[in-house]
Amino acid sequence: MKKTYNFYLVQPPEGAIFQAKVNDTVITAYKSGKVLFQGKSSQLEANKWLNESSVYQQLNKDVPYISDETVAIVKTSHIGSDESGTGDYFGPITVAAVYVKEEHLSDLVQIGIQDSKKIADPIVKKLAKEIITRAIPYALLTLENKKYNYLQRSGWSQGKMKAMLHHHAIRLLLDKISNQYFKGIVIDQFCTPNVYKQYLRSENEKPIENTYFETKAETVSVAVAAASILARARFLKELDRLSEKTGYPILKGASHEVDKLAAKIIHNKGEAMLNHCAKIHFANTKKAKYLVNKDLL
Ligand code: MG
């Protein structure tokens, strides 16, 4: 049970094995075997533990299998990296790497650092500011659309772009923190470790030692969660910039609404504008052109 709440643990009161704060619920497990759920959504949280099968479902849904090495790493000073914008037609890819010292872990959890996908945009922006004001060391890279499209045309897969961005962000961060201790590096897994290494080698880069890949790493590593927030905040900022540049409020995602917006941009600003604000190889481009050609704007 403690493992499930790994990421939400707070200082336990006397006689307790652990205490966790999940949103507005406080879970306290006592040495006696009693577990107390308190707060607004306490019943909901407690229900997850009512029978073993639901516990199993819960574990599979929210808490992925994490290797023992990673569990040991995320409990102490470590580095985490994550990216944003990869599934969005408009806007760049951003990647952040963050170094969190052991003494900052609980503070970051307390202020609400968690997977940016679970947080509304305005809060993501606010939390990014909080991370930065705390002087948490980080490196943040943006792959702008023009460069993205160029690399894509030269044969780079999006996976390779991500791999190189993660690698460079981590290297930049390592330079920044020079010789400060960290137990390991956790990357939110987007390809197998072997493929990652192949991408690096194809650009004559050496994989960095002590790097671990975990799916849903942002649920167990505060550093990955913080990285997800910094990357997302930068991505959102870039969308604001592109809204100004194009004169249209730029949308996230890759929906039909996005097709229609791209069609408007092609119609009013010319197709070349997409090179500066969109990932052109996405199917949205074709769909947008169809809308323009058929006069379906
Ligand atoms: Mg990720």
Side-chain angles (χ1 to χ4, degrees), residues 6-8 60-67 69-71 73-74 78-100 105 108-109 112-121 123-125 127-128 131 136 138-144 148 151 156-173 184-200 207-208 210-239 252-254 279 282:
N6 211 357
F7 191 44
Y8 301 94
N60 277 303
K61 203 172 99 237
D62 285 345
V63 185
Y65 170 77
I66 303 288
S67 73
E69 288 104 324
T70 304
V71 169
I73 288 169
V74 299
H78 70 285
I79 287 171
S81 69
D82 197 12
E83 79 276 338
S84 190
T86 54
D88 300 89
Y89 177 63
F90 287 110
I93 293 183
T94 58
V95 171
V98 177
Y99 170 54
V100 182
L105 289 171
L108 289 182
V109 173
I113 299 299
Q114 57 168 316
D115 179 9
S116 65
K117 290 190 284 293
K118 292 181 180 161
I119 313 173
D121 292 348
I123 312 285
V124 168
K125 290 178 181 172
L127 286 173
I131 293 168
I136 303 282
Y138 69 92
L140 185 50
L141 296 177
T142 303
L143 178 61
E144 290 187 2
Y148 176 104
L151 289 172
W156 284 44
S157 64
Q158 201 193 60
K160 181 171 174 178
M161 295 181 210
K162 282 193 259 185
M164 296 312 291
L165 286 165
H166 276 269
H167 180 69
H168 286 307
I170 292 164
R171 273 189 40 180
L172 276 172
L173 180 62
I185 301 166
V186 183
I187 297 180
D188 187 30
Q189 180 162 329
F190 54 88
C191 64
T192 66
N194 272 337
V195 168
Y196 181 84
K197 284 172 195 162
Q198 277 168 24
Y199 286 142
L200 262 50
I208 299 162
N210 221 352
T211 300
Y212 294 85
F213 298 83
E214 299 289 348
T215 50
K216 292 195 181 175
E218 65 281 343
T219 59
V220 285
S221 158
V222 179
V224 174
S228 82
I229 285 171
L230 290 183
R232 191 70 185 162
R234 169 66 67 84
F235 175 76
L236 294 171
K237 202 173 164 188
E238 284 295 303
L239 287 197
K252 295 178 284 182
K279 301 177 186 82
F282 277 33

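Just follow the structure's listing: the first ligand is 1, and inside any ligand the first atom is 1.
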- [ ] Look at D188 and state whether any of its N, O or S atoms is less than 2.8 Å from the Mg ion (ligand 1).
- [x] yes
Open item on the list: Looking only at side-chain N and O atoms, does T94 offer a donor or acceptor that is under 3.5 Å from a partner on E238?
Closed with: no
Task: Name, closest N/O/S atom of D82 to the Mg ion (ligand 1) - done: OD1
Task: Pair Y196, T211: side-chain N/O donor-acceptor within cut-off below 3.5 Å - done: no
TODO: Please determine if the Mg ion (ligand 1) has an N/O/S atom from E83 lying under 2.8 Å away.
DONE: no
Open item on the list: Looking only at the side chains, is there a donor atom on one of T70 and E214 sitting less than 3.5 Å from an acceptor on the other?
Closed with: yes
Open item on the list: Assess, by modelled atom type and distance only, whether the side chains of R234 and S84 contain a donor and an acceptor separated by less than 3.5 Å.
Closed with: no
